[in-house]
Chemist: 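Just dropping this structure here.
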Amino acid sequence: MLELRHYQRAALDALYAYWAEGGGNGLIVLPTGAGKALVIAKLIEELLADYPDMRILNVTHSAPLVGQNYQEFLGLLPFAPAGIYSAGLNRRDARAQVLFCGIQSVWNKVDQIGDIDLVIVDEAHAISRNANTQYGKFFKAVRQQNPDSRTCGTTATDYRMDSGRLTDDLDDDEAVDENGAPLKFKLFDDVVYEIGIGELIEQGFLTRLTSQKTTSKIDLKGVGTRGGEYIPGQVSEAAERIIEAAVAEDMVLSEGRRAGLFFSTSKENAAHVAEAVCRHGRTCAVLTSDNSHETDKIFKAFRAGEVWAISSVSMITTGTNFPFVDFISLILSTKSPGKLVQILGRGTRNSPGKTDCLIADHGKNLAYHGPIDQIRPREPGKGLGEQPKKLCPQDQFDVNGNCGCGEMIPISIMTCQCCGYVFPPNEEEKITAKADNTPVLSTEKPWSVVNSRTFRHHPGKDGKPDSVKVTYMLGMKAVNEWICCGHSGYAKSRADRLWLAMGGSRPFPKDVLEFLGRQHELMDTTEIQLDYSRNPKYPDVAAHRFGPAANDNRKPAANDNRSYAEDWEDIPF
């Protein structure tokens with residue numbers, strides 16, 4: 001008997017309770033990698049057990065997802081009356097009781113499919129706010145044919161890829177009221193259950209995302225916006241200018257990483273990225289709509305390790321499952337919070353040996369949106385009425401020392417035509433000008449540059465084994481850490497992992513003296529991540545970053561095997 005994770009069970013129970021209380025169309029929000037396909041399969045299984053005659057349709061926007069959800073369901077009920085309606089999978093089982101569909105194939109086939117009691121939408125964030133798209137027309141036809149039908153959905157974000165929340169009304173340009181105003185069409189009524197990516201990471205169900213400051217950045221100054229998103233051609237041109245430098249930087253950042261994904265704005269950018277990666281001695285496939293027929297071949301090579309990375313445009317944003325990916329590079333800029341969350345979700349799945357997924361953001365996306373676990377959707381713009389105005393301030397001075405005049409002027413004008421007051425840079429220019437230190441997760445702890453590192457012999461207390469005391473100098477601040485190479489259990493395994501991470505060779509040092517005698521094998525510690533939660537005065541070292549070989553072309557550190565056992569230090573060994 002398959003046992004769901006606690007949050008998967010809670011999500012289904014919340015949906016059942018919502019329906020029992022008279023609720024309408026509910027939405028379940030689970031982060032990428034949380035097992036939405038299993039939740040859908042279990043929902044169908046349990047509903048069929050209670051209502052054997054129920055007609056259920058699961059719809060999504062990509063053929064691979066249709067196939068994945070179908071296989072997940074058959075894993076629970078191998079002999080269920082299930083079928084597929086997807087041109088991409090060359091199946092059209094229109095009369096199956098449980099039907100897994102691609103929206104492109106069924107949006108205008110509701111009459112052929114027949115009555116539907118429940119529609120389950122996977123990847124619901126892909127539904128546009130325009131009711132006249134394929135999704136909108138499909139659901140209007142379903143409800144017209146069966147007014148008592150229900151809809152539920154699963155998604156990683158409760159907001160759309162374009163704008164607004166999924167529980168907002170859809171705009172219907174065809175249907176109007178007596179005054180000629182567009183009628184609204186509501187697809188989802190409420191979010192019935194939601195759990196955040198940060199919570200699942202802390203519980204160990206997802207892999208932690210980490211970020212590192214990059215120096216190669218897309219210059220967004222002068223890049224315009226259309227329909228709430230950067231104009232593709234302009235941002236592609238701006239990205240093209242930094243690709244060589246960005247890839248060179250990524251090759252250093254991703255050293256030792258199992259697999260990478262590179263995201264671009266245009267096909268030309270994606271091809272350039274792949275070529276640059278290959279020139280650095282690694283294998284990289286390019287995947288765009290031009291060679292979509294090779295998707296299965298490329299994915300198979302990627303999973304087998306024959307290809308280290310994939311460079312893509314909109315082909316691996318959703319619906320792909322590569323748990324082993326531990327490096328993601330963003331050589332694009334987007335104003336879509338949904339798109340950013342979906343991209344970064346490619347790195348959150350757990351995989352053996354994977355401890356985190358490193359994000360290299362070359363597009364100032366984190367600076368614009370903030371940490372991924374705190375992203376909120378923008379409200380859709382009305383696009384009506386006169387151009388917004390702003391006040392020329394009478395209580396502020398500009399860069400030239402001039403005070404404003406109080407005139408109301410169009411918001412797009414940066415110099416007041418009445419008094420010459422120069423307004424501060426707009427939001428894009430602010431993002432361009434400021435240092436990008438925004439972490440990928442709000443819980444990500446700060447990194448500090450290490451100026452020097454020393455190892456010393458530290459005697460154990462109360463008969464416990466000796467340890468290596470590491471002192472990191474962060475400017476004028478000293479931070480200590482203890483490496484327990486002579487201990488046993490977890491302390492020893494942690495010491496061995498740290499030894500390997502620093503570049504040390506096997507066999508592992510069995511005691512402090514051997515560690516100090518072989519320290520020449522180790523790389524420098526360039527940065528450390530500090531955790532102040534346990535003791536604000538003496539922070540723990542949560543993570544490390546390492547650089548070139550230690551003590552290269554400089555005087556060796558003071559590793560003279562002396563004993564330093566300060567009484568004020570309280571350590572558990």
Chemist: Salt-bridged, E244 to R279, with N to O below 4.0 Å?
Modeler: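 Salt bridge present between E244 and R279.
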Chemist: Should the ring pair H544 and Y472 be called parallel, tilted or perpendicular, given that the plane angle runs from 0 to 90° and is split at 30 and 60?
Modeler: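 H544 and Y472: tilted rings.
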Chemist: Assess R257 against F327: is NZ or CZ under 6.0 Å from the centre of the six-membered ring, and within 45 degrees of the ring's axis?
Modeler: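 Negative - R257 is either too far from the ring of F327 or too far off its axis.
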Chemist: Ignoring hydrogens, what is the shortest heavy-atom contact between V541 and R494? Give both atom names and the distance.
Modeler: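 What the structure gives for the nearest pair is O-NH2, 4.1 Å.
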Chemist: Would H272 and F262 count as a close aromatic pair, with their ring centres under 6.0 Å?
Modeler: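 Centroid separation for H272 and F262: 6.0 Å or greater.
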Chemist: State whether K300 and E306 are salt-bridged, where the test is any N-O pair (Lys NZ or Arg NE/NH1/NH2 against Asp/Glu carboxylate O) under 4.0 Å.
Modeler: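 A salt bridge is absent here (no side-chain N lies under 4.0 Å from a carboxylate O).
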Chemist: Do you know the tightest heavy-atom contact between V29 and A156?
Modeler: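 Smallest heavy-atom distance, with atoms named: CG1-O, 3.8 Å.
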Chemist: Return the minimal non-hydrogen interatomic distance between L76 and K42, and the atom names on each side.
Modeler: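 For L76 versus K42, the nearest heavy atoms are CD1-N, 3.6 Å.
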Chemist: Centre of F324's six-membered ring, under 6.0 Å away, within 45 degrees of the axis: is that where NZ or CZ of K354 sits?
Modeler: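 No.
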Chemist: Please find out if less than 6.0 Å separates the ring center of F302 from that of W308.
Modeler: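 That pair fails the under 6.0 Å test.
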Chemist: Are the charged groups of E255 and R545 less than 4.0 angstrom apart, N to O?
Modeler: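 Salt bridge flag = no for R545 with E255.
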Chemist: Kindly state whether the ring of F508 and the ring of F515 have centres lying under 6.0 angstrom apart.
Modeler: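 No, ring centres 6.0 Å or more apart.
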Chemist: Kindly say whether the aromatic ring centers of Y193 and Y7 come within a distance under 6.0 Å.
Modeler: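 Distance test on ring centres: not under 6.0 Å, no.
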